[in-house]
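Only one structure is covered here, and it is reproduced in the block below.
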Amino acid sequence: MILRDKVALIFTSSADVLREVDKLSYLLAFTILLNNVQPVLSGVAIGSGWQATVAYINLACYYCAGLPLGFLMGWVLKLDVMGIWGGMILGGTAVQTVILAIITARCDWENEAEIAKQRVQKWSSPKSDDHTEDKN
């Protein structure tokens, strides 16, 4: 954010491009922040065995909220690139992050640990025919 008005100088000297990059840098910073939290929450949920739930949340957030909001902000409200990008971030990533944070916070982790323990025991218990007898 400190160099937001200088970053584009690496690629161009056009005053128009520099101005647009400067305006979009705030949205970029917010995007980077959310894209550091959302994958962690998504990974926790997937690792907990909630793959289907995460898939439905992802579809709903991006296709039912993010795309329509991006269209509305980009074309109807005439916010152009910032509107399309902002709609996807606010309607898609931000909503998904909030939903996954709520699910993660409300989860009974003691119960989840017990379920994981049972799965490990089930799949790692040795079978009787796999044992070799001691030769002593």
Side-chain angles (χ1 to χ4, degrees):
M1 288 305 300
I2 294 170
L3 299 174
R4 72 182 184 281
D5 57 339
K6 307 281 188 263
V7 171
L9 284 171
I10 298 169
F11 305 102
T12 186
S13 60
S14 168
D16 292 335
V17 173
L18 293 172
R19 208 171 16 261
E20 287 302 311
V21 170
D22 186 34
K23 285 188 336 190
L24 290 171
S25 63
Y26 295 105
L27 191 54
L28 176 62
F30 186 65
T31 300
I32 291 170
L33 177 67
L34 279 177
N35 283 334
N36 282 301
V37 176
Q38 185 271 338
V40 171
L41 292 170
S42 185
V44 167
I46 290 169
S48 298
W50 310 329
Q51 294 89 340
T53 303
V54 173
Y56 291 127
I57 290 170
N58 192 327
L59 286 171
C61 289
Y62 287 106
Y63 291 100
C64 298
L67 280 176
L69 190 58
F71 177 80
L72 176 75
M73 291 173 66
W75 281 282
V76 177
L77 299 178
K78 308 268 190 245
L79 294 175
D80 300 322
V81 172
M82 187 174 272
I84 297 167
W85 187 3
M88 288 300 295
I89 292 301
L90 292 174
T93 309
V95 171
Q96 184 178 24
T97 301
V98 169
I99 291 170
L100 291 173
I102 291 168
I103 289 171
T104 303
R106 295 187 59 160
C107 180
D108 180 359
W109 290 107
E110 295 295 327
N111 185 46
E112 291 296 321
E114 187 60 37
I115 292 169
K117 180 181 171 185
Q118 290 171 1
R119 286 181 186 153
V120 168
Q121 287 174 345
K122 175 183 175 184
W123 293 105
S124 66
S125 62
K127 296 180 181 170
S128 59
D129 56 302
D130 289 343
H131 288 275
T132 56
E133 293 182 23
D134 275 341
K135 296 184 179 187
N136 292 338

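This is a predicted model, so every value here is computed, not measured.
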(Q) Working note: Arg19 + Asp16, criterion salt bridge (charged side-chain N to carboxylate O under 4.0 Å, His left out); need CA distance, chi angles, decisive distance, verdict. (A) CA-CA 5 Å; Arg19 208 171 16 261; Asp16 292 335; 2.4 Å; yes
Q.
As a quick check of understanding, evaluate side-chain contact (heavy atoms from CB on, under 4.5 Å) for Cys107 and Thr104, giving each step before the final call.
A. CA-CA 5 Å; Cys107 180; Thr104 303; 5.8 Å; no
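Put simply, CZ on Arg4 and NZ on Lys6 are 9.5 Å apart, with the number rounded to the nearest 0.5 Å. One distance of note links CG of Leu18 with OG1 of Thr12; it measures 6.0 Å at 0.5 Å rounding. Of the inter-residue distances, the one linking Met82 atom CE with Met73 atom CE reads 9.0 Å to the nearest 0.5 angstrom. Note: Leu24 CG to Tyr26 OH = 11.5 Å, rounded to the nearest 0.5 Å.
Val95 pairs with exactly one of Ile99, Val98, Thr93, Thr97 by the side-chain contact (heavy atoms from CB on, under 4.5 Å) rule, that one being Ile99. If you run side-chain contact (heavy atoms from CB on, under 4.5 Å) between Ile103 and each of Leu41, Val44, Ile57, Val54, only Ile57 comes through. A side-chain contact (heavy atoms from CB on, under 4.5 Å) with Glu114 holds for exactly one of Gln118, Glu110, Glu112; it is Gln118.
Within a 6.0 Å sphere centred on CH2 of Trp123, other residues, nucleotides and ligands contribute 12 heavy atoms or fewer.
Residues Met88 and Leu90 do not share a hydrophobic cluster, defined by chaining ILVMFWY side chains whose heavy atoms lie under 4.5 Å apart. Tracing side-chain contacts under 4.5 Å through hydrophobic residues (I, L, V, M, F, W, Y), one reaches Ile84 starting from Leu77; they form part of the same cluster. The cluster map of Ile, Leu, Val, Met, Phe, Trp and Tyr, joined by side-chain heavy atoms under 4.5 Å apart, puts Leu79 and Val81 in the same cluster. When hydrophobic clusters are built by joining Ile, Leu, Val, Met, Phe, Trp and Tyr residues whose side-chain heavy atoms come closer than 4.5 Å, directly or via intermediates, Trp50 is grouped together with Ile46.
The minimum heavy-atom distance between Gly91 and Leu69, with the atom names listed, is N-CD2, 3.7 Å. Between Pro68 and Tyr63 the shortest heavy-atom distance is CD-O, 3.4 Å.
Looking at heavy atoms from C-beta onward, Val76 lies in side-chain contact with Phe71 at the 4.5 angstrom threshold.
No donor-acceptor pair under 3.5 Å is formed between the side chain of Trp75 and the backbone N or O of Gly70.
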When the side chains of residues 28-40 are checked against the rest of the protein, which donor-acceptor pairs come out under 3.5 Å, sequence neighbours left out?
| from | atom 1 | to | atom 2 | distance (Å) |
| --- | --- | --- | --- | --- |
| Thr31 | OG1 | Leu27 | O | 2.7 |
| Thr31 | OG1 | Trp85 | NE1 | 3.2 |
| Asn35 | ND2 | Thr31 | O | 3.3 |
| Asn36 | ND2 | Ile32 | O | 2.6 |
| Gln38 | NE2 | Gln96 | OE1 | 3.0 |

